[in-house]
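For reference, the structure is listed below as structure tokens.
The structure displayed is predicted, hence computed values, not measured ones. Here, residue 1 is the first one in the sequence, and each next residue gets the next number.
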Amino acid sequence: MANSPLVSYTRLSPNHSGRRTHAIDRITPHAVVGQLSVERICDCFKDSGRQASCNYCIGADGRIGLCVDEQNRSWCSSSRDNDQRAVTIECASDLTEPYTMKPEVYAALVDLCVDICRRNGKKKLVWIAVRDKALSYEVKSDEMLLTVHRWFARKSCPGNWLFRKLGDLAQEVNSRLRV
Ligand SMILES: [Zn+2]
């Protein structure tokens, strides 16, 4: 499986587990905590001592970077199970709650979600805001489920700003997938 054609900067991180053992059926957007460029975000994950990575990152100007090949399992969501099946995306954000993201970042996230769904044969992006309901939901073969880091660790990620917009995000992505 190829990576997204929307990528304009690539710096691969050594921090990943190789090929996924589960097919992609989730997307997990994160807040990177800082209005950083793609170069800076990829820089955060270049050292093997850091033990963290993501598949894609979106810089404050909306450019998209590749950090771990989409077919590989990144180390991003504090959950082995989630990272095996999720495409993880670190997004430039403010430094504090609600970790607001710039319009360019949000627009790029919508584009990237549409692209990831299309390339993986998914016709619908599903958002269920209640953790236990979402994690026990049986994802159909043509569906992609949105998940969030806060369900797997005691942290706010992706922040309340994006968390509250995930319903809109799914709706926007789905209206584009129907075209
Ligand atoms: Zn996160």
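- Atom OG of Ser74 sits about 10.0 Å away from atom NE2 of His16, to the nearest 0.5 Å.
- Within 6.0 Å of the CZ atom in Arg80, the count of heavy atoms belonging to other residues, nucleotides or ligands does not exceed 12.
- No side-chain donor-acceptor contact under 3.5 Å links Ser93 to the backbone of Thr100.
- Across all non-hydrogen atoms, the minimal contact from Ala92 to Val32 is CA-CG1, 3.7 Å.
- Contact annotation: the side chain of Tyr99 never approaches that of Phe163 to less than 4.5 Å [non-hydrogen atoms, C-beta and beyond].
- Smallest separation of non-hydrogen atoms from Ala60 and Glu104: O-CB, 4.2 Å.
- Hydrophobic clustering places Ile24 together with Leu112 (ILVMFWY residues linked when any side-chain heavy atoms are closer than 4.5 Å, directly or through intermediates).
- The cluster map of Ile, Leu, Val, Met, Phe, Trp and Tyr, joined by side-chain heavy atoms under 4.5 Å apart, puts Ile64 and Tyr9 in different clusters.
- Remark: side-chain polar atoms of Asn174 are paired, donor with acceptor, to backbone N or O of Ala170 under 3.5 angstrom.
- Environment of CD in Gln171: sparse, with no more than 12 heavy atoms of neighbouring residues, nucleotides or ligands closer than 6.0 Å.
- Between the side chain of Ser79 and the backbone N or O of Phe152 there is no donor-acceptor pair closer than 3.5 Å.
- In this structure, Cys117 SG and Lys123 NZ are separated by 11.5 Å, a value rounded to the nearest 0.5 Å.
- Note: Ser78 OG to Lys155 NZ = 5.5 Å, rounded to the nearest 0.5 Å.
- No continuous path of hydrophobic side-chain contacts links Ile89 to Val68 [ILVMFWY only; heavy atoms under 4.5 Å].
- Taking hydrophobic clusters as Ile, Leu, Val, Met, Phe, Trp and Tyr residues chained together by side-chain heavy-atom distances below 4.5 Å, Val110 shares a cluster with Tyr56.
- Defined by atom type and a distance below 3.5 Å, a donor-acceptor pair is present between the side-chain atoms of Glu70 and Asn120.
- Within the 4.5 Å cutoff, no side-chain heavy atoms of Leu169 are placed close to those of Glu172.
- Taken from OG in Ser77 to CD in Gln84, the straight-line distance is 11.5 Å, to the nearest 0.5 Å.
- When atom types are taken as modelled, the side chain of Lys46 and the backbone of Pro14 share no donor-acceptor pair closer than 3.5 angstrom.
- Heavy atoms from other residues, nucleotides or ligands lying under 6.0 Å from NZ of Lys124 number 12 at most.
- Between Asp115 and Pro5, the closest heavy-atom pair is OD1-CD, 3.5 Å.
- Side-chain atoms of Arg73 and Asn55 form no donor-acceptor pair, as typed in the model, at a separation below 3.5 Å.
- Looking only at distances, no side-chain donor or acceptor of Asp25 sits under 3.5 Å from a matching main-chain atom of Met144.
- By the 4.5 Å heavy-atom criterion applied to side chains, Cys67 and Ile41 are not counted as neighbours.
- No hydrogens or angles considered: a donor-acceptor pair under 3.5 Å links the side chains of Asp94 and Gln35.
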- Message: Run Ile116 and Ile27 through side-chain contact (heavy atoms from CB on, under 4.5 Å) and show every step you take.
- Response: CA-CA 9 Å; Ile116 292 166; Ile27 295 177; 4.0 Å; yes
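- Put simply, the side chain of Arg176 never gets that close to the backbone of Val114: no donor and acceptor are under 3.5 Å apart.
- Closest non-hydrogen pair, Cys54 versus Cys76, comes out as CB-SG, 3.8 Å.
- In this structure, the side chains of Tyr137 and Glu143 come closer than 4.5 Å at one or more pairs of heavy atoms.
- In this structure, Arg26 CZ and Leu125 CG are separated by 12.5 Å, a value rounded to the nearest 0.5 Å.
- Considering all non-hydrogen atoms of both residues, Ile58 and Ala108 come closest at CG2-CB, 3.8 Å.
- One hydrophobic cluster, built from ILVMFWY side chains closer than 4.5 Å, cannot hold both Val148 and Ile128; they sit in different ones.
- Using a 4.5 Å heavy-atom threshold, the side chains of Val87 and Arg20 count as touching.
- Between Asn3 and Asp69, the shortest heavy-atom distance links the atoms ND2-OD1, 2.9 Å.
- Under a 3.5 Å cut-off, the side chain of Ser53 and the backbone N or O of Asn15 do form a donor-acceptor pair.
- Using a 3.5 Å distance cut-off with no hydrogens or angles, the side chains of Asn82 and Thr28 do pair a donor with an acceptor.
- By the 4.0 Å N-to-carboxylate-O rule, Arg63 lies close enough to Asp61 to be salt-bridged with it.
- Other residues, nucleotides and ligands contribute over 12 non-hydrogen atoms within 6.0 Å of the CZ atom of Arg150.
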- Task: For the pair Cys42 and Cys57, evaluate side-chain contact (heavy atoms from CB on, under 4.5 Å) and give the outcome as yes or no after the intermediate values.
- Result: CA-CA 7 Å; Cys42 285; Cys57 55; 3.7 Å; yes
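- Using a 4.5 Å heavy-atom threshold, the side chains of Leu109 and Cys91 count as touching.
- Using cut-offs of 30° and 60° on the angle between ring planes, the pair Trp127 and Trp151 is parallel.
- Expressed to the nearest 0.5 Å, how far CG of Asp83 lies from CH2 of Trp75 amounts to 10.5 Å.
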